[in-house]
Amino acid sequence: MHFFSKRQSESRCLLALVILFSALLILTSPNPARCSRSYNNARDSYYSLIRSNSKKKFRHNWERSINKFIKVTKSKNDPKVVDATFMLGEMYRMLYTYSTQTKDLKTAIKYYEKVAVEFPKSSLSDDSIYKVGEIYEKKLNDYKSAYNAYSRVIKKYSSGDMASKARSKLIKLKKYAPVKKKPRQSVKKDNRREKQIASSGLTLIEDILYWSEDDSTRIVIYPKHSIDYRYNFLNENVPQGKGARLYIDLYNTQLNPKIENVVNVKDGLLTTIRSEQHDKEVVRVVLDVESINSYRVFSFENPFRVIIDISGEKVEKISRYAKKDAKEYKPINAIKPKANQQNKEGKNSRKNRKSNKSNEKINITLAKQLGLNVKKIVIDPGHGGRDPGAVGLNKTKEKDITLKISKKLKKIIEKTLDCKVILTRSKDKFLSLEARTAIAKKVKADLFISIHTNSSDKGRLSGIETYYLNFASDANAAKTAARENATSHLTLSDLGDILKVIKYSNVDESRELAHDVQREIVRELSKSYKDVKNLGVKQAPFYVLYGSRKPSILIETSFINHKVEGKRLQTDKYITSLAESICNGISKYIDGFNLAAKTQN
């Protein structure tokens with residue numbers, strides 16, 4: 001049987017629906033005019049591969065076809081992104097038949113999950129989750145994970161075409177169902193329980209959240225009030241069947257009954273997060289470790305929260321004990337900044353300034369020396385939701401102004417620069433400071449830009465200033481950082497913990513970005529507004545800038561409670577001018593990479 005002939009090229013999409021692998025293309029439009037040219041090319045390559053018994057035996061043939069589908073997924077305007085992502089899962093699943101490498105199954109699961117998570121409304125989402133279940137059940141013999149996957153199909157897509165198949169699978173795997181929890185207490189009982197905790201003098205652990213990135217995972221524990229805690233890392237103990245784990249004991253606390261006791265993470269660094277009432281006055285949170293290079297545990301005030309950062313290389317394995325190499329779980333020491341670290345950094349910075357004088361003609365940062373570039377930018381509209389930020393004239397709220405500027409900036413950047421822009425929030429909702437940074441890390445942002453409006457005690461100050469992460473350059477910078485570092489006002493003493501982590505920031509690139517943006521804002525606005533004050537580039541320990549690991553700045557666009565600037569911030573003309581000038585500054589910064597390349601040549 002010949003699937004395709006040379007004379008039938010115009011009807012390939014229609015004919016594809018009746019071949020053996022039609023299930024893979026069930027959502028592909030039969031109208032050739034609607035088919036992506038790149039997707040058609042990738043699909044043709046796929047069919048050519050599966051029809052050839054000789055080609056299927058060699059991995060490079062699979063990878064050639066896979067790369068074509070990957071190209072489709074990277075094109076944001078291609079209507080076949082979902083289909084291509086699904087096909088990547090299919091190809092890696094089939095590749096395993098010839099390679100027998102478990103990593104191919106893991107990659108297939110990754111792409112299936114990508115379809116389900118990023119395109120939940122697609123008709124391929126339930127198919128993807130079902131495929132994940134089949135891999136766990138038939139290939140990896142992980143029946144509990146298979147049961148969970150099939151359960152997700154029923155829970156999220158009960159009316160979908162895969163629901164009946166998933167129900168049959170659940171009946172078959174019934175003995176692997178998770179142990180049923182006790183019936184959830186009524187709201188009245190939960191409220192009564194919280195009142196009992198409050199009357200006992202213990203602090204309620206209100207929530208435990210986590211964010212996963214490529215090389216790190218952040219866990220944040222939210223007690224209702226400040227607490228004492230201690231932590232310890234335990235190495236893997238194979239004879240006892242215990243894996244490596246990090247636990248945190250939270251003293252004089254009670255666990256919120258609404259918190260799920262076991263959360264499956266399975267992100268390559270952690271497998272699960274477990275929480276329990278260890279005794280009457282101690283809540284214990286246990287992080288079951290899959291792979292780890294280092295970790296840090298620290299806390300912040302206003303509101304108080306305990307933060308755990310895990311970093312390492314994500315492993316490609318199904319079981320914690322799949323590798324026999326015992327060296328994989330080495331003893332890990334938490335990173336503890338030395339007491340004199342600040343003084344040392346101060347001395348080093350002075351040395352760097354001296355050495356930089358001899359290189360003023362070729363001032364090229366490491367990123368530019370490596371030929372790196374900017375393709376993805378995260379714009380962070382400050383405040384939001386229950387956190388209004390500063391309030392200005394006519395009761396204008398900072399959270400509303402920053403969102404307007406950020407949306408306008410996103411449109412201008414995407415129109416004028418070859419960059420993708422992601423907003424941390426696109427509507428009026430609350431986001432914690434650590435969540436904003438986590439978003440930037442998750443999407444692998446090249447730049448992180450936080451938009452704010454300034455304010456002063458008596459509304460007399462005006463001007464524009466741009467910050468990058470470092471120790472506060474003056475008292476005003478410290479006050480500004482204290483105001484922005486939490487939903488309620490911080491005191492200067494609260495900045496101590498932030499100082500410990502400044503050494504992880506990308507200071508050189510952030511400083512350069514800040515100067516480029518500040519210079520363009522002042523230059524452009526001065527053309528239309530003659531009284532624009534240049535407050536310069538400053539440094540301060542803004543927590544929202546910490547942790548992105550990429551060049552990051554915070555722009556105080558104007559003083560919202562100043563009688564002149566406050567009125568300007570309420571006009572579309574001024575907001576547009578701000579957005580255009582910020583974009584110009586980013587453009588100057590990006591142009592610096594090309595200049596650096598020419599200088600090196």
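Counting begins at 1 with the first residue of the sequence.
- With hydrogens and angles left out, the side-chain atoms of Ser294 and Ser311 include a donor and acceptor closer than 3.5 Å.
- Separation of atoms OG1 (Thr466) and CG (Leu535) is listed at 9.5 Å; rounding is to 0.5 Å.
- At distances below 3.5 Å, at least one donor-acceptor pair connects side-chain atoms of Asn534 with backbone N or O atoms of Gly536.
- Considering CD1 of Ile205 and OH of Tyr222, their distance stands at 12.5 Å, rounded to 0.5 Å.
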Leu513 and Val517: CA distance, side-chain angles, deciding distance, side chain to side chain contact (heavy atoms under 4.5 Å, CB included) verdict: CA-CA 6 Å; Leu513 174 61; Val517 170; 3.9 Å; yes

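- Of the inter-residue distances, the one linking Arg218 atom CZ with Lys442 atom NZ reads 14.5 Å to the nearest 0.5 angstrom.
- The pair Arg568-Asp531 meets the salt-bridge criterion, with a side-chain N (NZ, NE, NH1 or NH2) lying under 4.0 Å from an Asp/Glu carboxylate O.
- Arg425 meets the salt bridge (charged side-chain N to carboxylate O under 4.0 Å, His left out) test with no other residue; sequence neighbours excluded.
- Interatomic distance, CD of Glu565 versus CD1 of Ile464, reported as 6.0 Å (0.5 Å rounding).
- Checked for salt-bridge contact, Arg523 and Glu520 meet the test: a charged N lies under 4.0 Å from a carboxylate O.
- Partners of Tyr529 by ring-ring contact (aromatic ring centres under 6.0 Å, His included), not counting sequence neighbours, listed by chain and number: Tyr574.
- Just one of Leu417, Ile422, Asp418 meets the side-chain contact (heavy atoms from CB on, under 4.5 Å) condition when paired with Lys420; it is Ile422.
- A donor-acceptor distance shorter than 3.5 angstrom exists from the side chain of Thr557 to the backbone of His452, with no hydrogens or angles considered.
- Here OG of Ser558 is found 12.5 Å from CG of Leu461. Values are rounded to the nearest 0.5 Å.
- Contact record, Pro223 with Phe304: CD-O, 3.6 Å, taken as the closest heavy-atom pair.
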CA sep, side-chain torsions, deciding dist, call: Glu524, Lys527, side chain to side chain contact (heavy atoms under 4.5 Å, CB included): CA-CA 6 Å; Glu524 289 296 323; Lys527 295 178 180 179; 3.4 Å; yes

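- The two atoms that bring Ser406 and Ile451 nearest to each other are OG-CG1, 3.6 Å, heavy atoms only.
- Here the shortest heavy-atom pairing between Phe298 and Tyr229 reads C-OH, 3.5 Å.
- Two residues are said to be in side-chain contact when any heavy atoms from C-beta on lie closer than 4.5 Å; Leu270 and Val289 meet this criterion.
- At a threshold of 4.0 Å, the pair Asp446-Lys376 does not count as salt-bridged, since none of the basic side-chain nitrogens sits closer than that to a carboxylate oxygen.
- Within the 4.5 Å cutoff, no side-chain heavy atoms of Ser275 are placed close to those of Ile221.
- For the pair Ser581 (side chain) and Leu578 (backbone), a donor-acceptor distance under 3.5 Å is present.
- Considering all non-hydrogen atoms of both residues, Leu204 and Leu255 come closest at CD1-C, 4.1 Å.
- The backbone N or O of Phe119 sits less than 3.5 Å from a side-chain atom of Ser125, completing a donor-acceptor pair.
- Separating the NZ atom in Lys114 from the CG atom in Leu88 is a distance of 9.5 Å, to the nearest 0.5 Å.
- Under the 3.5 Å distance criterion, the side-chain polar atoms of Thr416 are matched with a main-chain donor or acceptor of Ile412.
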